[in-house]
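Take a look at the structure set out below.
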Amino acid sequence: MSETVAEFDLIARIRARAGRRDDVVLGIGDDAALLQVPPGRQLVVTMDTLNAGVHFPPQTAAADIGWKALAANLSDLAAMAAQPAWCTLSLSLPGADAAWVDGFLDGFCALARQHAVALVGGDTTRGPLSVAVTAHGLVAPGMALRRDGAQAGDDVWVSGTLGDAAGALAQWRARQGIDAALRERLDRPTPRIAVGLALSGIAHACIDVSDGLLADLGHVCAASGVGAVVDVDGLPASAALSAAFAAGARRELQAGGGDDYELCFTAPSSARMRLAALAQGSATPITRIGAIVAGDAVQAVRADGRAWRARRGGYRHFDGDRPA
Ligand code: ADP
Ligand code: MG
């Protein structure tokens with residue numbers, strides 16, 4: 001049975017697990033938080049909302065929602081090459097369900113601890129289940145990675161593997177059993193903070209893959225005024241994805257599936273040695289998947305050079321067509 005408690009009790013539970021940092025002058029409990037930005041740093045701010053039935057299936061475990069809500073934001077900081085520092089949390093809850101909030105905090109705080117992020121404030125309201133997080137990171141002036149720096153001649157790279165989260169959703173929509181490794185990638189994505197930090201000063205442009213590789217690379221191209229050619233047969237796949245999907249379906253998931261939270265970045269070919277060294281010293285592989293070219297289109301090509309087109313449009317948010 002879930003225990004219904006007063007709002008202030010929920011906030012007390014959250015406050016007890018908010019995490020500490022020396023640069024939090026005043027955290028949860030006052031009208032606003034006071035944060036000490038180190039001298040000579042720029043503040044990097046991002047926000048992402050997860051709505052039940054839109055961004056996650058309604059029966060998703062509270063702990064997974066907590067993890068993912070923070071992960072989506074930390075992934076944005078990773079894509080900017082920012083060091084995470086603080087976050088705030090707006091919770092809209094259908095009821096003051098203490099067990100749900102405790103579960104949510106299990107996932108949220110586990111990821112926050114990994115990156116030494118302190119929860120410094122937020123808002124708690126009654127309404128349909130929705131979670132909005134802002135994350136704050138720090139970066140040296142001029143060192144942030146942006147979408148508008150790609151140049152013709154750059155290589156295009158991606159971290160990790162693509163398509164796992166979309167593969168889990170596809171299995172779930174098809175009412176199949178969901179592969180555990182794919183499900184883990186959907187429910188507990190890994191923000192690529194270390195990769196993002198290491199890319200500062202090397203990459204020309206960067207974005208995190210939340211809407212689908214080709215769509216997100218399209219955002220980089222639009223911001224930079226360039227085009228791209230991507231080798232769809234060379235996209236990195238996990239062993240779990242390769243085992244669960246035939247090549248054609250797998251390509252669709254890798255090129256168009258969202259929610260991977262990998263980093264897609266461009267870098268000059270002169271950086272290949274540095275990037276190889278970086279990948280060798282890291283647990284996260286990086287793969288060269290294409291090139292930036294003059295123009296404004298993202299072209300996907302097969303290994304034999306033929307053009308490749310997605311069967312349907314890009315990634316749609318979870319659209320509620322779940323099994324009863
Ligand atoms: P106010 O009415 O001044 O906005 P609230 O009662 O909403 O104050 O919040 C009291 C304190 O608790 C504030 O410091 C606020 O930032 C914090 N808080 C409220 N909800 C949350 C939440 N979901 N997560 C983190 N901090 C929260
Ligand atoms: Mg107040």
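Quick note: numbers below take in every heavy atom, side chains included, and nothing from hydrogens, waters or symmetry partners. Read the numbers this way: they start at 1 and go in the same order the structure lists the ligands and their atoms.
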Between Asp164 and Arg183, does at least one N-O distance fall below 4.0 Å, as a salt bridge requires?
no
Enumerate the atoms of ligand 1 whose separation from the nearest heavy atom of Ile28 is less than 4.0 angstrom.
12 (O), 14 (O), 17 (C), 25 (C), 26 (N)
Could you tell me, atom by atom, which parts of ligand 1 come under 4.0 Å of a heavy atom of Asp31?
3 (O)
Give the contacting part of Thr124 toward ligand 1: side chain, backbone, both or neither, where contact means a heavy-atom distance below 4.0 Å.
both
Any heavy atom of Ile11 under 4.0 Å from ligand 1? The part involved is side chain
Arg302 bridged to Asp304 by N-O distance under 4.0 Å:
no
Just jot down the ligand 1 atoms closer than 4.0 angstrom to any heavy atom of Gly29, in number order.
11 (C), 13 (C), 14 (O)
Check the orientation of Trp157 and Phe265. Use parallel for under 30°, tilted for 30 to 60°, and perpendicular for over 60°.
parallel
Under-4.0 Å salt bridge between Arg251 and Asp233
yes
Heavy-atom distances under 4.0 Å are what count here, so tell me which part of Asp30 touches ligand 1: side chain, backbone, both or neither.
backbone
Please say whether more than 12 non-hydrogen atoms of neighbouring residues, nucleotides or ligands are located less than 6.0 Å from CD in Gln36.
no
